[in-house]
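Numbered from 1 within each chain, the chains take letters A, B, ... in sequence-line order.
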Amino acid sequence: MTAAFYCYNNIMPELPEVETVKRGLKKLIIGRYIKSVSSDNPKSFPNPKSDVNRFMAKARVLSVNRRAKVLLIELSTGYSLMVHLKMTGQLVFIEAALADSNRWGAGHPNSSFVGELPDKSTRVIVSFADGSVLYFNDQRKFGWMKLMPTGLILEDPFMKKVGPEPLAASFTNSVFIARLRKRPRTSIKAAILDQSVLAGVGNIYADESLWGARIHPASIVNTLGDKQLACLRKEVVYVLNLSIAKGGSTNRNYVDAQGKKGSYSNFAKVYRRDGQPCSRCGTIITKSRVAGRGTHSCNYCQALAG
DNA sequence: CACTTGACCTGTCCGC
DNA sequence: TGCGGACAGGTCAAGT
């Protein structure tokens with residue numbers, strides 16, 4: 001056992017961050033037996049205690065998967081734990097050896113968490129039979145986890161409507177373009193943030209991929225040609241893969257507990273770079289509001305279409 | 001239907 | 001120093 005614990009502290013979990021959490025959890029919790037679960041916030045974990053007792057306590061973890069930004073932790077009881085981190089959700093896994101002295105964080109290469117758990121943001125505590133613990137921390141309480149029969153996951157309203165996985169081979173130009181063409185009069189940024197158009201893109205990678213494709217975020221979809229949209233598809237795939245390769249924008253390299261500086265800032269081209277020169281043309285990057293979100297763009301090389 | 005806006009939360013930051 | 005307001009952003013309900 002090399003790592004005693006891992007903290008996946010996502011500032012803004014989008015597809016690459018959730019994928020990173022999934023890969024980490026796969027190594028850490030598959031095969032472990034759950035002993036007990038505690039939660040004091042019904043919004044964070046709405047299932048009644050009877051569900052927990054029947055379908056989670058004493059269950060073994062079979063697999064960890066991801067669909068869109070949702071984590072799917074399959075249990076041996078025929079139920080799965082669905083987890084959505086929303087904006088501030090974190091999953092912190094602590095090995096048994098450290099679960100006694102619950103102070104950790106400083107100095108560990110995989111850690112961005114410095115402090116003690118549980119803390120005031122702890123919403124759910126999953127204790128394993130071997131003494132290890134998984135904490136679900138979520139400052140803003142937007143995130144949730146819930147137990148659901150594994151066979152009924154696809155009946156979940158969100159799972160029913162969510163669009164294709166952008167990193168799947170089946171996510172072709174024609175699939176992407178056909179879905180965008182159903183949203184002709186909205187901005188391209190609103191369209192790619194829409195989870196029913198495609199899964200997993202959030203505010204960061206929307207801005208980044210639009211910069212890559214030289215498309216202004218406020219461009220109306222029906223003013224964009226197929227060639228531009230095909231280019232955007234390529235850029236979406238590129239930035240998502242790049243981010244996954246870097247471990248997401250999880251703050252592996254944080255030095256301060258507030259953690260404003262994740263490794264993502266090293267490769268972002270526009271996100272939170274307002275006031276800085278565009279790396280392509282030198283024009284100062286600006287911040288505006290598109291689709292109700294803070295939006296970063298270079299208004300020279302991302303010309304507004306239409 | 002297509003599309004937009006506000007609500008859900010808490011913590012931080014900025015201007016006065 | 002305190003205080004109000006803007007902001008952060010994923011998703012959904014309610015609105016045009």
Side-chain angles (χ1 to χ4, degrees), chain A residues 9-19 21 39-46 66-71 82-91 112-115 118-124 136-146 156-163 166 178-208 210 217-223 240 243 248-251 254 256-262 264-265 268 270-275 286-296:
Chain A
N9 181 6
N10 305 288
I11 295 197
M12 304 156 199
E14 301 182 27
L15 187 151
E17 292 71 35
V18 181
E19 178 66 19
V21 173
S39 167
D40 56 6
N41 186 341
K43 287 197 141 186
S44 300
F45 191 15
R66 177 191 63 75
R67 171 77 171 105
K69 300 170 188 168
V70 180
L71 282 167
M82 298 176 70
V83 186
H84 201 309
L85 301 172
K86 291 291 179 80
M87 279 82 67
T88 56
Q90 308 173 336
L91 289 170
S112 56
F113 196 98
V114 179
D119 65 14
K120 63 182 174 181
S121 294
T122 300
R123 310 301 171 202
V124 185
F136 176 41
N137 264 37
D138 184 21
Q139 179 184 97
R140 289 169 69 180
K141 300 180 181 173
F142 287 1
W144 45 259
M145 55 172 62
K146 61 184 177 185
D156 178 87
F158 178 80
M159 290 299 183
K160 279 178 105 160
K161 75 163 195 187
V162 72
R179 287 179 168 265
L180 288 175
R181 293 292 178 214
K182 291 178 181 171
R183 309 291 310 276
R185 317 195 87 82
T186 192
S187 66
I188 186 64
K189 175 159 178 174
I192 62 173
L193 285 173
D194 184 338
Q195 299 296 294
S196 69
V197 171
L198 77 163
V201 172
N203 205 41
I204 298 174
Y205 302 107
D207 285 2
E208 291 296 306
L210 286 164
S219 298
I220 303 303
V221 174
N222 69 5
T223 67
L240 294 177
S243 182
S249 38
T250 51
N251 17 16
Y254 273 2
D256 68 313
Q258 265 63 46
K260 295 294 183 199
K261 292 177 182 146
Y264 179 80
S265 59
V270 285
Y271 187 76
R272 287 195 175 165
R273 288 200 184 277
D274 40 309
T286 59
K287 184 171 181 184
S288 61
R289 205 140 193 98
V290 177
R293 315 294 177 90
T295 298
H296 312 76

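In this structure, the CZ atom of A:R272 is 7 Å from the C1' atom of C:dA8, given to the nearest Å. Here the P atom of nucleotide B:dC3 and the CZ atom of A:R181 are 12 Å apart, to the nearest Å. Distance A:N41 CG to B:dC9 P: 9 Å, rounded to the nearest Å. In this structure, A:M87 atom CE and B:dC9 atom C1' are separated by 8 Å, rounded to whole Å. Residue A:D156 contributes atom CG, which lies 13 Å from atom C1' of C:dC12 at whole-angstrom precision. What separates CG of A:D274 from C1' of C:dA8 is a distance of 13 Å, to the nearest Å. When rounded to the nearest whole Å, the span between CZ of A:F142 and C1' of B:dC9 equals 4 Å. Atom-to-atom, CG of A:N203 to P of C:dG10 comes out at 6 Å; the value is rounded to the nearest Å.
OP1 or OP2 of B:dT4 sits under 4.0 Å from a side-chain N or O of A:T186. Contact annotation: A:H84 does not reach the phosphate of C:dG10 (side-chain N/O to OP1 or OP2, under 4.0 Å). Neither OP1 nor OP2 of B:dC1 sits under 4.0 Å from any side-chain N or O of A:K182.
Between A:L193 and A:A206 the shortest heavy-atom distance is CD2-CB, 4.0 Å. Residues A:D138 and A:G89 approach most closely at OD1-N, 3.3 Å, considering heavy atoms.
When side chains are defined from C-beta on, A:D156 does not count as touching A:V70, because their heavy atoms never get closer than 4.5 Å. For the pair A:D40/A:T122, no side-chain contact is recorded, criterion being any heavy-atom separation below 4.5 Å from C-beta on. Between A:S288 and A:T286, every side-chain heavy-atom pair lies at or beyond the 4.5 Å cut-off. A heavy-atom distance below 4.5 Å is found between the side chains of A:I188 and A:L180. Between A:I192 and A:V197 the shortest side-chain heavy-atom distance does not fall below 4.5 Å.
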With the criterion being N/O to N/O and under 3.5 Å, what pairs connect the protein with nucleotides 13-16 of chain C, and how long is each?
none

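As judged by a 4.0 angstrom heavy-atom cut-off over every strand, A:R293 is placed among the base-contacting residues. Here A:R289 lies in heavy-atom contact (under 4.0 Å) with sugar-phosphate atoms only. Contacts of A:G292 with the nucleic acid, taken as non-hydrogen atoms under 4.0 Å apart, are absent.
Of the candidate nucleotides C:dG10, B:dC9, B:dC3, B:dC9 has the atom nearest to the side chain of A:K141. Among B:dC9, C:dA8, B:dC3, the nucleotide with an atom closest to any side-chain atom of A:P184 is B:dC3. Relative to the side chain of A:K287, the nucleotides C:dA8, B:dC9, C:dT11 differ in distance, and C:dA8 lies closest. Considering only side-chain atoms of A:K43, the nucleotide from B:dG11, B:dC8, B:dT4 that sits closest is B:dC8.
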Intra- and inter-strand pairing of DNA chain B, written as dot-bracket with Watson-Crick and G-U pairs under 3.5 Å and | for the latter, reads .|||||||.|||||||
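A:W144 and A:H84 have tilted rings, their planes meeting at an angle from 30° to 60° on a 0 to 90° scale.
Side-chain N or O atoms of A:R273 include one that pairs as donor or acceptor with a backbone N or O of A:A268 at under 3.5 Å. Put simply, the side chain of A:S243 never gets that close to the backbone of A:L240: no donor and acceptor are under 3.5 Å apart. A:T88 contributes a side-chain N or O that, together with a main-chain N or O of A:R140, makes up a donor-acceptor pair within less than 3.5 Å.
Salt-bridge annotation for A:K182 and A:D194: absent, with no side-chain N of the basic residue lying under 4.0 Å from a carboxylate O of the acidic one.
By the 5.5 angstrom centroid cut-off and the 30-degree plane limit, A:F158 is classified as not stacked against the base of C:dT11.
Across A:K189, A:E208, A:R293, a single residue satisfies side chain to side chain donor-acceptor pair (under 3.5 Å) together with A:N203, and that is A:K189.
The stretch residues 188-198 of chain A does not touch DNA chain B, since none of its heavy atoms comes less than 4.0 Å from the strand.
Comparing A:K161 and A:R140 by the nucleotide of DNA chain C whose heavy atom lies nearest to each, the residue mapping closer to the 5' end is A:R140.
The same atom, P, is picked in B:dC9 and in C:dA13; the two are 14 Å apart, to the nearest Å.
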